[in-house]
Amino acid sequence: MKTIQNINQGWLFFEGTYPDGVCVTADQWNPTAASSIWDGVTALPVLENGTPVDLPHIWNVEEPNAAGPRYYTRILTVEDPGEGEYFISFEAVTGFSRIWLNGKVIGEHKGGFSRFTLPLKGLRNGENQIAVLTDNTSFCDISPYCGDFNKFGGIYRDVEFIQTGTTHFDLCYYGTCGVELLAWGDGRVDLKSHIVGETASTKVRYTVFDESNAIAAQTESAAESVQLCVEAPALWKGRESPCLYRMRAELYVGNEIVDEAELNFGFRSVELSSEQGFLLNLEHLRLNGVARHQDREGRGWAVSREELREDMDFILELGANAVRLSHYQHPDFFYELCDREGIVAWAEIPMLGMQDKNPVLQANAVSQLKELILQNRHHPSICFWGVQNEIAMRGESLEMYKKVRELNATVKELAPNGLSACANLYIVKNSSELNFITDMVGYNIYYGWYYEEMDGYTKFFERFHKENPQVALGVSEYGVDSNIQFHTSAPKRKDYSEEFQSLFHETVYPQIQAQPWLWGSFVWNLFEFGSTHRNDDAGKGLNRKGLVTYDRKTRKDAFYYYKACWSKQPFLHLCGSRFEKRSAEETEIKVYGNVPQVSLYVNGELAGTGENGPVYSFRSVALRPGENTVTAVSGDLKDEIVLLRTEAPEKSYIYVDPNPDINVKDWFTPEEGEEKLFPKDRFSLMDEMCAIYQNPEAWAVLEREIPELIAPEHFKKSSMPLLRTLNRFSGNYSEQFFKDLNKMLNEVKK
């Protein structure tokens, strides 16, 4: 029988170097291939002065932009290996990994988020050395090679040492337990076993147990594939009733059980309709979701089960019913939590950038997708399998469509009881082929933050649905950055204040809810997450769109807005507790809640009563000099904050952008309105980079005025508007320069 031993303890960690003469390209758009560095490098280097570590371990938590090779070693002591087989199983190792046993290469893996298992051939009696190379460099043959999140380095999930008999379920089959399970809403269970060793006299007994541990179905078969049927199954119904079953597969050689495997699963059906949205077991379910990255402060990706449980508790507190697990395979334990708690999950591979004429990257993406599905398709919570996120950032191509279709076909083949999904960048046009490949289409849209105004969502939805009435659409990302240090009574775009984040969600979410045909939405993001690309005073290496801070210690006010919208547990929350110092004689006080009425008291005196949340706004609330106690009351519920009226505004609350975006609305005058500044028949800053490139005269203007900015080859194919591109480099030019550049482009007719 199989034995499994956790071997997280007792490792040594070593700094590493690339082979002599190797030069690694730093440009994220043109990275080096892992194969060009490590193919043929089989000798284990001499490793000295190792540091004792226990796993999970991340070596670059303090410097998350650091990348390169690192090594781990551990001694495995085996007494008389004898008959049977041995394996080492890694739940995840970042990036590229290669493994040695006693100085000989036994395998490698390309992909930093999925489980892989390798046979340990040639174990000797006594001590054996396991050595692991892990390289978190962005490689062009391993997805992702780019992305707005940190790529941490190390062995950051569990490692297991496994012993089996000579005949066993194949643990090396895409990192699975060797048994595939596919459950349908009508009670059918499709099973397939992959067996290594003696097969002439083998058979498998499959048993399905219900929640009370009673046998619901059972069969024995010598065939590779078999189907069971559970009569009148209890369905997995999300938060309403997350009913789970258990399947046990027992492998027999003759009359002896030589191996077994177990999987928890559930029965459910899923559908999408362009008019009804998402249907779970033929019943409509609006997806009220949040997105989640797996890292947290001080830990990187090396998070514990207790910390994963804490993250799930935030989701449950919100009252959300869905989660998008971005942008890669998450630990199996979190998918289990989604199963148990009834949270509908969107799982996805790290396909964030496609390169034409790069079949190796595509092959890796397909491989990672197969690992994701085969390792996790028994989870009833995973209803959506994401195949790409924002891949059109550098433009679209026929090659791109072909590759997405291949990924989509992989989902349809391996997970026919689920739905394929994609997340498109806002610049993807309604007519793009990317909107007609996957079952589910999401858009990552940021009106009112990166571009245009907050009321742009309604216009976008109505236009898209009119032009593509057959497409099942939802919002896969939306949100704004906020730093809990910054506050203002007059919130505006890009001030990074907690108040603007709240105002944004108050304004945008009702527009999403007003479209009954949308399948739903995912707030970007539940938690702040690491991104070294965002290293200014507002971000400091973080994407701050989270509703909760990176350390999980502070729920921002916007968190409570969604709790007021979604939670069934009565509560109220007084906003602005961190906006303690206020200089105005009167101020606005907001309360979020899901109660019918809220009364506001200031220093014990009634200041007003509000009804019909989720937002109760009290304007022109008078504050006296010094401390003011503000209390919100609804029945037995009460929340209280203290505000301090000061003589002058608190300077530390204000974010000063050293490189402010170009705000073209400031250019408008009675004489020069939008039509004159950005005429439709002439070029301007509003045109897409690829459209400008296609006109030699217009492109010549850019080559003359901003040659260093447009030098990267990908700008020639980018669907990004020139204005958006310029805003990334706004600190390098004056605003007058951009005005003049716009006028030069206006001289060129389309």
Can you tell me if [X] uses its side chain to pair, donor with acceptor, with the backbone of [Y] under 3.5 Å?
| X | Y | answer |
| --- | --- | --- |
| S719 | G395 | no |
| H284 | Q276 | yes |
| D141 | S35 | yes |
| D170 | C172 | yes |
| W236 | D339 | yes |
| S193 | E224 | no |

Scan side-chain atoms only and decide if [X] and [Y] contain a donor-acceptor pair under the 3.5 Å cut-off.
| X | Y | result |
| --- | --- | --- |
| Q362 | N358 | no |
| W184 | D190 | yes |
| N408 | T438 | no |
| N389 | N444 | yes |
| N288 | Y509 | yes |
| R292 | H330 | yes |
| E180 | H194 | yes |
| E307 | S304 | yes |
| Q375 | T176 | no |
| T458 | Q511 | yes |
| T134 | T94 | yes |
| E396 | S432 | yes |
| N435 | N424 | yes |

Can you establish whether the number of heavy atoms outside [X] located under 6.0 Å from its atom [atom1] is more than 12?
| X | atom1 | answer |
| --- | --- | --- |
| E283 | CD | no |
| E231 | CD | no |
| Y335 | OH | yes |

- Residues D332, H379; criterion side-chain hydrogen bond (donor to acceptor under 3.5 Å, both in side chains); working and verdict: CA-CA 9 Å; D332 183 72; H379 292 293; 2.8 Å; yes

- Message: Is the terminal nitrogen or CZ of R724 (NZ for Lys, CZ for Arg) located under 6.0 angstrom from the six-membered ring centre of Y451 and within 45° of that ring's axis?
- Response: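 R724 over Y451 ring: no.
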
- Item | Geometric cation-pi criterion, R324 with F522: 6.0 Å, 45° | no

Would you say the side chain of [Y] lies within less than 4.5 Å of the side chain of [X], judging by non-hydrogen atoms?
| X | Y | result |
| --- | --- | --- |
| I343 | L316 | yes |
| N264 | R340 | no |
| L251 | T202 | yes |

- Query: How many angstroms lie between atom CD of E336 and atom CD of E341, to the nearest 0.5 angstrom?
  - Reply: 12.0 Å

- Between CD1 on residue I391 and CG on residue L425, distance to nearest 0.5 Å: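 The CG atom of L425 is 10.5 Å from CD1 of I391, to the nearest 0.5 Å.
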
When you check the gap from the basic side-chain N to the acidic O, do [X] and [Y] get nearer than 4.0 Å?
| X | Y | result |
| --- | --- | --- |
| R248 | E250 | yes |
| E688 | K429 | yes |
| K412 | D439 | yes |
| E462 | K466 | no |
| K402 | E406 | no |
| K717 | D356 | yes |
| D311 | R296 | yes |
| E371 | R115 | no |
| E310 | R305 | no |

- Message: Would E260 and K2 count as a salt bridge (Lys or Arg N to Asp or Glu O under 4.0 Å) here? Give the steps.
- Response: CA-CA 8 Å; E260 64 179 24; K2 180 166 54 202; over 6 Å; no

- Task: Check step by step if side chain to side chain contact (heavy atoms under 4.5 Å, CB included) holds for F139 and W38.
- Result: CA-CA 11 Å; F139 293 117; W38 296 112; 4.2 Å; yes

- Between F278 and W519, is a ring-ring contact (aromatic ring centres under 6.0 Å, His included) present by the stated rule, with each step listed? CA-CA 5 Å; F278 176 61; W519 48 251; 8.7 Å; no

- Parallel, tilted or perpendicular: which fits the ring planes of F461 and W517, with parallel below 30° and perpendicular above 60°? perpendicular

- Message: Can you classify the ring geometry of Y447 versus F460 as parallel (below 30°), tilted (30 to 60°) or perpendicular (above 60°)?
- Response: tilted

- Starting from the C-alpha separation in whole Å, work towards a yes-or-no answer on ring-ring contact (aromatic ring centres under 6.0 Å, His included) for F267 and Y245. CA-CA 8 Å; F267 296 102; Y245 287 74; 4.9 Å; yes

- Looking at F334, F149, F113, which one forms a ring pair (Phe, Tyr, Trp, His ring centres under 6.0 Å) with H293? F149

- State yes or no: are the ring centers of W346 and H327 separated by less than 6.0 Å? no

- Task: Apply the test ring-ring contact (aromatic ring centres under 6.0 Å, His included) to residues Y478 and Y446: give CA-CA distance (whole Å), side-chain angles for both, the deciding distance (0.1 Å), then the verdict.
- Result: CA-CA 5 Å; Y478 68 106; Y446 291 92; 8.2 Å; no

- Item | For W385, the option from V411, L419, L414 that meets side chain to side chain contact (heavy atoms under 4.5 Å, CB included) | V411

